[in-house]
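This is a predicted model, so every value here is computed, not measured. Protein chains get the first letters and strands the later ones, always in sequence-line order, with residue 1 at the start of each. These values consider heavy atoms only, across backbone and side chains, with no hydrogens, waters or symmetry-generated copies.
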Amino acid sequence: MITDEISRLIEEAARRAVADGVIPAPPRSPVHLERPRRREHGDLATNVALTMAGGGNPRAIAEALVERLPPSELVQSVTVAGPGFINVKLSPVWLHDVVRRAATPDAGFGRSAAGRGQRVNVEYVSANPTGPINVVSGRHAAVGDALAALLEATGHEVTREFYVNDGGRQAELYGASVEARYLQLHGVDAEVPEDGYHGDYVMEVARWVAERVGDRYVNTPPQERREAIRDLALELTLQWMRASLERFGTHHDVWRSERALHADGLVDKALARLAEAGLTAERDGALWFLSSRLGDDKDRVLVRRDGRPTYLASDVAYLVDKFGRGFDRLVYVLGADHHGTVPRLEAAAAALGHEGRLEVELLQVVTLKRGAETLKGSKRAGVVVELDDLVEEVGADAARYMFLTRSADAPLEFDIELAKEQAPENPVYYVQYAHARICSILRRAADDGVPPPRVASAPLERLTDPSEDALMRRLASYEEVVAAAARQRAPHRLTRFVEELAGDFSAFYRDCRVISEDPGLTEARLTLCVATRATIADCLGLLGVSAPERM
RNA sequence: GCGCCCGUAGCUCAGCUGGAUAGAGCGUCGGACUUCUAAUCCGAGGGUCGGGGGUUCGAGUCCCUCCGGGCGCGCCA
């Protein structure tokens, strides 16, 4: 990446300056570069001289560095500005090379190797299998997919994982709720538990169960009936969830069941590992995890007084499972309402000898607006907006894109009515339109018998219009944007980038006619079109949004 | 009460380890279709970055404090 190369040049200059006794010590490596807001400040700028100044004169240091900068064909000019910024203007040769790479399929444009050799598990959605996937999970799916894609784009080997909470109290309550509806269907007086599931879909599940098993369980012992119906209910619900996620474009590689963790003996193994580490204690008849010794604010129960393990016990077992599968890093995408559980998860990872290898990305709530009405997704309350409904109303592309426009820290306000109208305020259409428009130009060129551009040799030096320059420079920033978005776990950077790219393309389209009587200029502009199309498509691909060729 | 997150244009939000004159979209107002897609484009207006103090050559960004909002603080998940 260009920033890395310029950093190295400046570091070399600093080494020389140290050798010459001009500065006492080199700056922190790598030297940080940023893209100045203002065009006249060059392509890249660094404030190293200011950070190194101490009591000294930052401008003098900057000048000393610039004087010692090794020559490079990437750099056109370097200046010292303001209080001591070093501004770098990159050479056209470099810029044209970027455009050619962007226009070349399989050139790896936008890919980097920061994560090479790293195996990462990204767990996301992991909604309780007690009802249809709702809109909140939709945000998790969109963000999880994008994070996974970003990690892959930066060289990580990624496994996408879904944790099925089929072993806890909620699964039991759900089973009991379906059981009650099942009995009602057969004329038996039964009631859905007060704290059970009251949504209409529960009856639908019960009907499906009844179709499968008839009245076989009406007169069986309650224990047997409940377990059988619970298992069937979970089976159908998981099918629904899987189907909804697939429709949304989300595919998990691994669906791991909580009950399977127990069955595989991993819970016992986890408890043993914690005990070996001297981090468990019996107190009041329960078994505790002494997590407060590892940064949690209090200890936590692992096994209740009645002998049933807690949810945390499963969580620890799952950590044993995941680390046992060889992951270097575990990423959890969780709702912000789970932030209280983060310290205990981190404590558990540390207790298992994997301190610092677990990372939690917290997503703030989704607030749904349907017209004037504001509602929140809650499965238990029965007021739910299902992901399927949203996808049907606004489309998977628009829904995904909306979910990815905000940082994780920001609550997301999703106005269904507005999105449903497919009004132009939805930026996904803007971006997709730019892509379709480029495709249209390329089709037109082919129809007119214009030869396809020879990307490697097209005379890009002919691209001198300011909007051509701006578009090329935007393309050139893509690799840094992807790397930064991955590093910061911030997919919303991609939506911002691609909107800006689409905007730059529109300006180019406005100012420059692509297909003209000038074969060289036409070839250069077609190359720029190809590069832009490929980059929009690649970026949308990372976001899980389609790039249509016609609209 | 304690902990985490948030407070930036009328609205929804960006602002990368502190950098140079705080941005985008929408909305509002005014313009542009004999031209490769007008699902578009151009222009205008709009801000004490919640308040106050501090650190720094430099603060929307870091620290303290106050105000306002969200979430969490179970042998629930």
Side-chain angles (χ1 to χ4, degrees), chain A residues 28 30 32 34-38 40-41 45-47 50-51 53 55 58 81-85 87 128 130 165 168-171 173 195 258 283-288 297-298 300-312 314-315 335-343 362 364-365 367 380 402 405-415 418 422-427 429-430 432-434 436-445 447-448 450 480-481 483-485 487-488 490 492-493 495-496 499-500 502-503 506-507 509-516 522 525-526 529 550-551:
Chain A
R28 205 174 60 182
H32 178 70
E34 61 179 22
R35 292 198 170 257
R37 256 199 279 271
R38 301 183 63 80
E40 60 267 32
H41 293 145
T46 179
N47 61 352
L50 290 126
T51 62
F85 291 101
N87 293 335
N128 281 341
T130 54
N165 290 132
R169 177 179 149 76
Q170 294 307 318
L173 269 173
D195 47 357
E258 182 185 4
R283 210 181 289 159
D284 308 326
L287 183 70
W288 294 71
D297 48 324
K298 58 179 88 164
R300 309 286 171 179
V301 172
L302 288 162
V303 181
R304 300 179 180 91
R305 210 181 324 186
D306 64 9
R308 286 155 50 230
T310 61
Y311 190 81
L312 174 62
S314 303
D315 277 345
D337 55 342
H338 284 70
H339 76 251
T341 67
V342 175
L362 293 175
Q364 291 293 324
V365 291
T367 306
R380 287 187 226 177
M402 295 290 264
T405 51
R406 304 285 181 262
S407 79
D409 286 338
L412 182 79
E413 187 167 283
F414 200 125
D415 188 333
L418 205 65
Q422 303 201 346
E425 54 261 34
N426 188 342
Y429 291 105
Y430 180 77
Q432 289 182 319
Y433 181 78
R437 186 182 247 173
I438 298 171
C439 292
S440 171
I441 294 170
L442 296 174
R443 277 195 301 271
R444 173 48 118 28
D447 291 348
D448 289 357
V450 178
E480 293 150 50
V481 169
R487 193 170 358 98
Q488 298 164 18
H492 72 279
R493 287 187 176 283
T495 58
R496 300 214 59 109
E499 284 166 37
E500 286 165 349
S506 295
Y509 176 83
R510 178 189 72 233
D511 297 339
C512 304
R513 189 165 177 90
V514 175
I515 303 165
S516 70
T522 298
R525 286 180 173 167
L526 283 172
C529 284
R550 292 171 201 273
M551 289 176 75

Which residues satisfy the side-chain contact (heavy atoms from CB on, under 4.5 Å) test with Arg487(A), sequence neighbours excluded?
Ala484(A)
Is there ring stacking between Phe85(A) and G19(B), where the centres must be under 5.5 angstrom apart and the planes under 30 degrees?
no
Across all chains, not counting sequence neighbours, the salt bridge (Lys or Arg N to Asp or Glu O under 4.0 Å) partners of Arg169(A) are Asp195(A)
Compare the minimum distances between each of U35(B), C75(B), A20(B) and the side chain of Arg513(A), then state the nucleotide with the smallest one.
U35(B)
Using a 5.5 Å cut-off between ring centres and planes within 30 degrees, is His338(A) stacked on the base of G72(B)?
no
Salt bridge (Lys or Arg N to Asp or Glu O under 4.0 Å) against Arg35(A), all qualifying residues, sequence neighbours excluded
Glu480(A)
Ranking C75(B), C16(B), A77(B) by distance to the side chain of Ala286(A), first place goes to C75(B)
From the list A77(B), C16(B), G72(B), which nucleotide is the closest neighbour of the side chain of Glu34(A)?
C16(B)
Distance, nearest 0.5 Å, that separates OG1 of Thr405(A) from CZ of Arg496(A)
8.5 Å
Every protein N/O lying under 3.5 Å from an N/O of nucleotides 13-15 of chain B:
{"from": "C13(B)", "atom 1": "OP1", "to": "Pro411(A)", "atom 2": "O", "distance (Å)": "2.9"}
{"from": "C13(B)", "atom 1": "O5'", "to": "Arg406(A)", "atom 2": "NE", "distance (Å)": "3.3"}
{"from": "A14(B)", "atom 1": "OP1", "to": "Ser407(A)", "atom 2": "N", "distance (Å)": "2.9"}
{"from": "A14(B)", "atom 1": "OP1", "to": "Ser407(A)", "atom 2": "OG", "distance (Å)": "2.7"}
{"from": "A14(B)", "atom 1": "O4'", "to": "Arg496(A)", "atom 2": "NH1", "distance (Å)": "3.2"}
{"from": "A14(B)", "atom 1": "O3'", "to": "His492(A)", "atom 2": "NE2", "distance (Å)": "3.4"}
{"from": "A14(B)", "atom 1": "O2'", "to": "Arg496(A)", "atom 2": "NE", "distance (Å)": "2.9"}
{"from": "G15(B)", "atom 1": "OP1", "to": "His492(A)", "atom 2": "NE2", "distance (Å)": "3.1"}

Once you round to the nearest 0.5 Å, how far does CG of Asp447(A) lie from CG of Leu442(A)?
11.0 Å
According to salt bridge (Lys or Arg N to Asp or Glu O under 4.0 Å), who are the partners of Arg443(A), at least two apart in sequence or on a separate chain?
none
Is Tyr433(A) close enough to A39(B) that one of its side-chain N or O atoms is under 4.0 Å from OP1 or OP2 there?
yes
Could a donor-acceptor pair under 3.5 angstrom be found where the side chain of Asn87(A) meets the base of A20(B)?
yes
What distance, rounded to whole Å, do you find between the two C1' atoms, one in C26(B) and one in A9(B)?
12 Å
Which nucleotide in the list A77(B), A39(B), A20(B) gets nearest to the side chain of Tyr311(A)?
A77(B)
G3(B) versus U65(B) - spacing of their P atoms, nearest Å
9 Å
Across all chains, not counting sequence neighbours, the side-chain contact (heavy atoms from CB on, under 4.5 Å) partners of Arg513(A) are none
According to side-chain contact (heavy atoms from CB on, under 4.5 Å), who are the partners of Tyr509(A), at least two apart in sequence or on a separate chain?
Arg437(A), Ile441(A), Phe505(A)
The nucleotide from A20(B), C36(B), C75(B) with an atom nearest the side chain of Tyr509(A) is C36(B)
Stem segments of RNA chain B by first residue number [Watson-Crick or G-U, under 3.5 Å, at least 3]
B:1-7 with B:67-73, B:10-13 with B:23-26, B:28-32 with B:40-44, B:50-54 with B:62-66
Interatomic distance, Met551(A) CE vs A38(B) C1' [rounded to whole Å]
13 Å
Listed partners of Asp511(A) passing salt bridge (Lys or Arg N to Asp or Glu O under 4.0 Å), at least two apart
none
Tell me whether the side-chain N/O atoms of Lys298(A) come closer than 4.0 Å to OP1 or OP2 in G74(B).
yes
Take atom C1' in G50(B) and the same atom in U40(B), then report the distance between them in whole Å.
38 Å
Interatomic distance, Gln488(A) atom CD to Arg493(A) atom CZ [nearest 0.5 angstrom]:
4.0 Å
Nearest of U37(B), C36(B), C57(B) to any side-chain atom of Leu50(A)?
C57(B)
Kindly write out the residues that satisfy side-chain hydrogen bond (donor to acceptor under 3.5 Å, both in side chains) with Thr341(A), not counting sequence neighbours, or none if the list is empty.
none
Which atom pairs link the protein and nucleotides 41-43 of chain B when you take only N or O atoms and keep those under 3.5 Å?
{"from": "C41(B)", "atom 1": "OP1", "to": "Tyr430(A)", "atom 2": "OH", "distance (Å)": "2.5"}
{"from": "C41(B)", "atom 1": "O3'", "to": "Arg510(A)", "atom 2": "NH1", "distance (Å)": "3.0"}
{"from": "C42(B)", "atom 1": "OP1", "to": "Arg510(A)", "atom 2": "NH1", "distance (Å)": "2.9"}

Which residues pass the side-chain contact (heavy atoms from CB on, under 4.5 Å) test with Arg406(A), sequence neighbours left out?
Arg139(A), Ala410(A), Leu412(A)
Taking the same atom, C1', in G15(B) and in A22(B), what whole-Å distance lies between them?
8 Å
